[in-house]
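First comes the structure, then the notes that go with it.
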Amino acid sequence: MAENVLDRFKEGSIEETVIDTTKKVKVGIIGTGWIAEEHVKKYLMCPDVEIVAAADLVEGKAEKFCKANGIDGVRLYRSHKELLDAEELDAVSVCTYNRTHAECTIYALQKGVNVLLEKPMCVTLEEAVAICKAEKESGKIVSVGFQPRFDENMKMVKEIVQSGELGDVYYIQTGGGRRRGIPTPYGTSFIEDKTAGIGALADIGCYSLDMVLNAVGYPKPLTVSGYTNDCFGKDPVTYPGHPEYADLFSVDDFAAAFVRLEGGIILDFRISWAMNMDTPGDTIILGTKAGLRIPSTECWNGSIGGPLVIYRDVAGTHVETKVPEKKNSHDNFYNKIRFFVDAVKNGTASPVPTSQIIYNQAIIDGIARSAKAGREVTVEIPEI
């Protein structure tokens with residue numbers, strides 16, 4: 001029986017796609033911080049992409065960025081509006097602070113430009129709704145930057161769940177994080193409310209949520225009871241050489257929640273930038289026929305910490321089936337860029353659609369609201 005289960009999830013052949021270079025996709029980069037470097041590197045691996053413009057609010061930053069990343073002849077601007085008003089583009093990558101994700105994305109859509117939006121989608125549910133409405137009105141696409149979607153092991157998680165191997169899913173435990181890993185090596189943009197809006201909850205929590213929500217078909221969240229903490233972020237000892245960061249810290253460094261989803265599924269969630277523990281636990285998905293364990297990683301990195309394990313009973317005997325880890329044919333970040341470019345060129349659906357990620361954002365928003373209110377809150381998502 002165990003061998004039959006494994007046979008269902010054997011690695012298939014990988015087909016290489018022939019890229020049509022006769023049609024160039026003109027791309028602009030909005031926000032030239034460290035994550036934008038990865039966007040540029042992967043765009044440069046696409047022979048059908050031309051990076052033509054870049055914008056950053058900081059004087060001289062975009063120019064320095066382009067020189068450092070070897071992109072010559074790029075037109076530079078001081079704001080997303082200046083760039084989008086002046087250029088004829090097919091797409092932009094929005095790599096700005098969380099607080100400006102919605103503003104930049106909506107303006108790009110209004111200009112008729114497709115958007116690859118770095119995660120998290122935004123800060124609030126209200127902003128997510130506004131993005132979805134602008135996308136619908138524009139006829140363009142927004143793809144949210146969840147590169148773990150393209151990891152072969154993450155795909156396997158979804159395949160196992162969707163195959164019916166687990167039966168009806170009724171409980172999910174997920175999360176992850178870091179023992180010490182508040183992202184201050186990149187300055188304070190991640191830890192200040194005025195730029196980030198939310199901390200670990202959105203920075204890496206959105207990935208963890210997407211892993212399991214995507215696997216079970218993205219059911220609508222109904223209620224959330226959430227909790228957030230900031231005890232490490234506000235401790236000067238956390239920042240050797242930069243004790244002043246503690247005074248600036250104004251987001252969460254730990255979050256947990258109990259979420260009720262449509263279909264009778266319970267989601268038990270926790271995420272951390274810093275804690276006195278190596279991991280808050282493996283991800284487990286419990287179904288009426290079997291359970292699935294997804295081993296955690298030391299620092300949540302968008303993949304798995306070991307082979308997936310399926311637990312079930314066969315003829316009264318407890319059986320455990322290990323599903324071997326798969327290798328990725330391409331870097332996941334490259335796939336994020338490549339599939340977005342293909343969708344823009346071919347006029348096809350968004351690889352990571354806002355119609356799903358709005359539910360992810362609704363949970364994050366619900367956790368933040370619940371933590372502030374000190375009680376369970378209802379999640380209400382309007383029709384788009």
Closest heavy-atom contact between [X] and [Y]?
X    : Y    : value
C66  : L76  : SG-CD2, 3.7 Å
G197 : V251 : C-CG1, 4.0 Å
L201 : A368 : CD2-N, 4.3 Å
T279 : S296 : OG1-OG, 3.1 Å
K155 : F150 : CE-O, 3.7 Å
I265 : P219 : CD1-CG, 4.4 Å

Side-chain donor/acceptor of [X] to backbone N/O of [Y], under 3.5 Å:
X    : Y    : value
E87  : L83  : no
S250 : L248 : yes
H101 : T96  : yes
Q173 : D282 : yes
T105 : A102 : no
R180 : A274 : no
T124 : E127 : yes
S225 : E376 : no
N360 : C206 : yes
S370 : I367 : no

Do [X] and [Y] make a side-chain contact, defined as non-hydrogen atoms from C-beta onward lying under 4.5 Å apart?
X    : Y    : result
L84  : V113 : yes
L117 : S143 : no
F254 : F232 : no
I357 : T354 : no
P148 : D210 : no
M211 : K158 : no
F65  : W34  : no
V161 : V169 : yes

Other residues, nucleotides, ligands: >12 heavy atoms within 6.0 Å of [X] [atom1]:
X    : atom1 : answer
E126 : CD    : no
K67  : NZ    : no
E88  : CD    : no
K133 : NZ    : no
K26  : NZ    : no

Could you tell me whether [X] and [Y] make a salt bridge, using a distance below 4.0 angstrom between a side-chain N and a carboxylate O?
X    : Y    : value
D90  : K24  : no
R99  : D193 : yes
K119 : D203 : yes
K336 : E38  : no
R179 : D278 : no
E59  : R78  : yes
D342 : R338 : yes

Can you tell me how far apart [atom1] ([X]) and [atom2] ([Y]) are? Round to the nearest 0.5 Å.
X    : Y    : atom1 : atom2 : value
T223 : R260 : OG1   : CZ    : 5.5 Å
L109 : K140 : CG    : NZ    : 10.0 Å
S79  : I30  : OG    : CD1   : 9.0 Å
C46  : I19  : SG    : CD1   : 6.0 Å
R178 : I182 : CZ    : CD1   : 9.5 Å
E63  : D56  : CD    : CG    : 12.0 Å

Exercise for review: Decide side-chain hydrogen bond (donor to acceptor under 3.5 Å, both in side chains) for H242 and E244; before the verdict, give the C-alpha distance in whole Å, the side-chain angles of both, and the deciding distance to 0.1 Å.
Suggested key: CA-CA 5 Å; H242 293 281; E244 70 276 12; 3.2 Å; yes
With a 3.5 Å cut-off and no angle check, do the side chains of [X] and [Y] form a donor-acceptor pair?
X    : Y    : answer
N332 : Y334 : no
Q147 : Y207 : yes
R149 : Q356 : yes
S93  : Y43  : yes
D252 : N229 : no
S189 : T195 : no
D20  : T22  : yes
H318 : E320 : no
D48  : T21  : no

Check your understanding: When clusters are formed by joining ILVMFWY residues with side-chain heavy atoms under 4.5 Å apart, either directly or through shared neighbours, do F340 and I35 land in the same one?
Key ->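 The answer is yes; both residues are in one hydrophobic cluster.
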Review point. Any link between I160 and I284 through a network of hydrophobic side chains (Ile, Leu, Val, Met, Phe, Trp, Tyr) touching at under 4.5 Å?
Key: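 No, I160 does not connect to I284 through the hydrophobic network.
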Exercise for review: Check side chain to side chain contact (heavy atoms under 4.5 Å, CB included) between D168 and all other residues, then give those that pass, not counting sequence neighbours.
Suggested key: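 Here the qualifying residues are T288.
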Review point. Where does the angle between the aromatic ring planes of F190 and Y186 fall among parallel (under 30°), tilted (30 to 60°) and perpendicular (over 60°)?
Key: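 Answer is tilted, since the angle falls between 30° and 60°.
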Check your understanding: Taking the six-membered ring for Trp, are Y239 and F249 parallel (under 30°), tilted (30 to 60°) or perpendicular (over 60°)?
Key ->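 Answer is tilted, since the angle falls between 30° and 60°.
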Practice item. Show your working on salt bridge (charged side-chain N to carboxylate O under 4.0 Å, His left out) between D151 and K326 and close with a plain yes or no. Key: CA-CA 9 Å; D151 180 83; K326 287 191 169 187; over 6 Å; no
Practice item. Can you spot which of L261, L213, V212 makes a side-chain contact (heavy atoms from CB on, under 4.5 Å) with Y218? Key: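 Among L261, L213, V212, the one meeting side-chain contact (heavy atoms from CB on, under 4.5 Å) with Y218 is L213.
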**Study point:** Cation-pi geometry met for K81 and Y107 (6.0 Å, 45°)
**Key:**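 Output yes; distance and angle both within limits.
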Practice item. Output, in order, the C-alpha distance, side-chain angles, deciding distance and verdict of side chain to side chain contact (heavy atoms under 4.5 Å, CB included) for I285 and V157. Key: CA-CA 10 Å; I285 302 177; V157 170; 4.3 Å; yes
Review point. Is the F333-H39 ring centre distance short of 6.0 angstrom?
Key: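 Centroid separation for F333 and H39: below 6.0 Å.
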